[in-house]
Number of protein chains: 2
Amino acid sequence: MKLTTKGRYAVTAMLDLALHGGEGPVSLADISARQEISLSYLEQLFSRLRRQKLVISIRGPGGGYRLSRPAADLYIAEVVDAVSESLDTTRCGNKGDCQNGEKCLTHHLWSDLSDQIHQFLSEISLGDLMRKHEIRQVADRQNRLQSDNGSETINTERLSDQAPA
Amino acid sequence: MKLTTKGRYAVTAMLDLALHGGEGPVSLADISARQEISLSYLEQLFSRLRRQKLVISIRGPGGGYRLSRPAADLYIAEVVDAVSESLDTTRCGNKGDCQNGEKCLTHHLWSDLSDQIHQFLSEISLGDLMRKHEIRQVADRQNRLQSDNGSETINTERLSDQAPA
DNA sequence: GGATTAACCAACTATTTCAGTCAAGTATTC
DNA sequence: GAATACTTGACTGAAATAGTTGGTTAATCC
């Protein structure tokens with residue numbers, strides 16, 4: 001498991017797809033415009049997302065991409081994995097033949113940690129984020145309408161509130 | 001929050017420090033030899049760890065580094081943060097003046113996700129890892145002594161077992 | 001059928017980060 | 001004062017990240 005901006009781009013794009021995919025395919029050009037990610041970079045990312053069967057492509061005019069499954073069944077970990085192609089964390093190839101066992105232990109500790117984060121992201125779906133997003137969008141709009149003074153109430157409840165058990 | 005090999009090196013080194021720091025300061029040369037991390041790279045990492053006050057340096061012969069606090073009070077998130085200098089996740093500088101609010105929302109979602117991982121790593125201390133390490137070391141030794149046939153029982157229980165609530 | 005749309009693909013470039021090296025310090029102890 | 005070991009900064013090669021260019025292929029619209 002590796003967490004970099006690349007994964008963030010992928011999750012953002014997938015979320016955009018989930019949010020705007022209600023009325024047919026979404027083109028990368030649209031996502032690029034909305035999320036300000038370069039089109040060519042999106043192509044690279046979606047090439048992987050497609051090969052991992054997270055999205056379905058529709059060619060030709062009016063074409064674009066669709067989620068391969070309902071957003072509630074698409075998990076963040078899948079998206080991150082699809083684009084970052086998790087590297088070997090052990091250096092010794094996980095063969096267990098490290099020098100007198102000592103080195104490999106710390107390696108395994110890190111690998112366990114990494115597994116836990118993976119597990120964690122496997123329990124959050126795009127649907128979960130969407131719901132939060134919608135709530136938030138509504139909340140923000142309400143805030144903007146209600147209080148146009150400079151009070152700046154960014155009081156949207158945190159994602160942490162519905163953290164997976 | 002960014003998770004790369006850099007953070008792994010730092011955690012590994014700090015864990016080594018925690019494990020061998022019982023009888024006085026530990027030199028980077030020792031850590032370098034045990035963990036097979038280049039001395040110069042360790043110097044870079046410890047320069048940051050020291051500035052973040054996670055370790056204390058003792059100069060001169062017999063010198064080295066010590067943890068600034070008991071291992072049970074030093075959390076993984078601190079170590080990772082110290083060396084990876086978490087980059088801006090929002091691009092817009094978190095000012096909230098993104099284009100019609102839309103872009104920033106997805107950014108915030110990711111930032112929340114990142115916060116949760118951070119939170120998660122903030123609940124695991126070096127002490128926790130040490131305990132696991134010791135248990136493991138004993139278990140491995142037992143395995144090695146008991147079954148010297150090729151059965152290869154890598155049945156050490158996972159870190160997940162004592163995941164923080 | 002031809003123009004348009006948009007996915008697909010490959011090679012190439014610039015920038016940044018990672019990982020490591022080198023060299024010249026400074027403080028401490030023996 | 002010599003040895004030890006931390007401290008700092010500049011520098012390097014390799015890899016990953018981010019973006020570009022220039023095409024090809026499939027589907028649709030006119």
Side-chain angles (χ1 to χ4, degrees), chain A residues 1-13 17 20-21 24-33 35-68 80 82-89 91, chain B residues 1-13 17 20-21 24-33 35-68 80 82-89 91:
Chain A
M1 189 95 227
K2 212 170 48 168
L3 275 188
T4 63
T5 50
K6 195 173 193 174
R8 191 184 82 217
Y9 278 128
V11 171
T12 302
L17 196 51
H20 296 91
V26 179
S27 74
L28 292 189
D30 286 354
I31 300 178
S32 172
Q35 305 303 332
E36 293 193 352
I37 306 170
S38 92
L39 180 57
S40 327
Y41 197 44
L42 278 177
E43 281 176 355
Q44 279 180 44
L45 297 178
F46 273 77
S47 170
R48 294 193 184 212
L49 292 171
R50 194 178 63 90
R51 262 175 276 166
Q52 298 295 319
K53 303 206 192 308
L54 298 182
V55 295
I56 292 168
S57 66
I58 295 103
R59 304 177 79 150
Y65 287 92
R66 266 182 18 215
L67 298 180
S68 66
V80 175
V83 298
S84 50
E85 214 83 60
S86 75
L87 268 287
D88 58 327
T89 48
R91 174 195 297 199
Chain B
M1 190 94 228
K2 212 169 49 167
L3 277 188
T4 65
T5 50
K6 196 172 193 174
R8 191 185 82 217
Y9 279 127
V11 171
T12 301
L17 194 52
H20 296 92
V26 179
S27 73
L28 293 190
D30 287 354
I31 299 178
S32 171
Q35 305 302 332
E36 295 192 350
I37 304 169
S38 94
L39 179 58
S40 324
Y41 197 44
L42 280 176
E43 282 173 353
Q44 277 181 44
L45 297 178
F46 273 78
S47 170
R48 295 194 182 210
L49 292 171
R50 194 181 64 90
R51 261 175 278 166
Q52 298 297 318
K53 302 204 192 309
L54 299 181
V55 296
I56 292 167
S57 66
I58 296 103
R59 304 177 79 150
Y65 287 94
R66 264 182 21 215
L67 298 180
S68 65
V80 175
V83 298
S84 50
E85 212 81 59
S86 75
L87 269 285
D88 59 328
T89 49
R91 174 195 297 199

Closest non-hydrogen atoms of A:Leu42 and A:Leu28, given as atom of the first, atom of the second and distance, are CD1-O, 3.6 Å

*Under 4.0 Å: is that the gap between some side-chain N or O of B:Tyr65 and OP1 or OP2 of D:dT7?*
yes

inquiry  = It should be established whether A:Arg50 places a side-chain nitrogen or oxygen under 4.0 Å from OP1 or OP2 of nucleotide C:dA7.
reply    = no

Whole-Å distance, A:Arg66 CZ to C:dA7 C1', equals 15 Å

Closest heavy-atom pair, B:Pro25 versus B:Gly62, reported as atoms and distance to 0.1 Å, is CG-O, 3.7 Å

Here the distance between atom P of C:dT16 and atom NZ of B:Lys6, to the nearest Å, is 15 Å

Item checked: Minimum side-chain heavy-atom gap A:Tyr65-A:Leu49 below 4.5 Å -> no

| Hey, is the main chain of A:Lys53 close enough, under 3.5 Å, to the side chain of A:Ser68 for a donor-acceptor pair? | yes

If you go through the side-chain atoms of B:Arg59, does one of them form a donor-acceptor pair with the base of C:dT26 closer than 3.5 Å?
yes

Sorted by position of nearest nucleotide on DNA chain C, 5' first, the leading residue of A:Ser27 and B:Ser38 is A:Ser27

Between A:Thr4 and D:dT17, does any side-chain N or O lie under 4.0 Å from OP1 or OP2?
yes

Heavy-atom nearest pair, B:Asp30 first then B:Val26, reads CB-CG1, 4.2 Å

Q) Counting only N and O atoms by type, is there a donor-acceptor contact under 3.5 Å from the side chain of B:Ser32 to the main-chain atoms of B:Ile37? A) yes

Please determine whether a side-chain nitrogen or oxygen atom of B:Arg48 lies at a distance below 4.0 Å from atom OP1 or OP2 of D:dT7. no

* Asked: Would you say A:Leu45 and A:Lys6 make side-chain contact, with heavy atoms under 4.5 Å?
  -> yes

When every non-hydrogen atom of B:Val83 is compared with those of B:Arg48, the smallest separation belongs to O-NH1, 3.2 Å

When rounded to whole Å, the CG to C1' distance for the pair B:Asp30 and D:dT4 reads 12 Å

In whole angstroms, the gap separating C1' of C:dC8 from CG of A:Leu28 amounts to 10 Å

Rounded to whole Å, CD of B:Gln35 lies from C1' of C:dA19 at a distance of 17 Å

Per-helix bend value, the helix from C:dG1-D:dC30 to C:dC30-D:dG1, C1' rotation axes over five pairs per end, 10° rounding, shows 10°

Rounded to whole Å, CZ of A:Arg8 lies from C1' of D:dA18 at a distance of 12 Å

Testing the 3.5 Å rule here: is there a donor-acceptor pair between the side chains of B:Arg8 and B:Thr12?
no

Ordered by number, residues from residues 39-47 of chain A within less than 4.0 Å of DNA chain C (heavy atoms) are A:Glu43

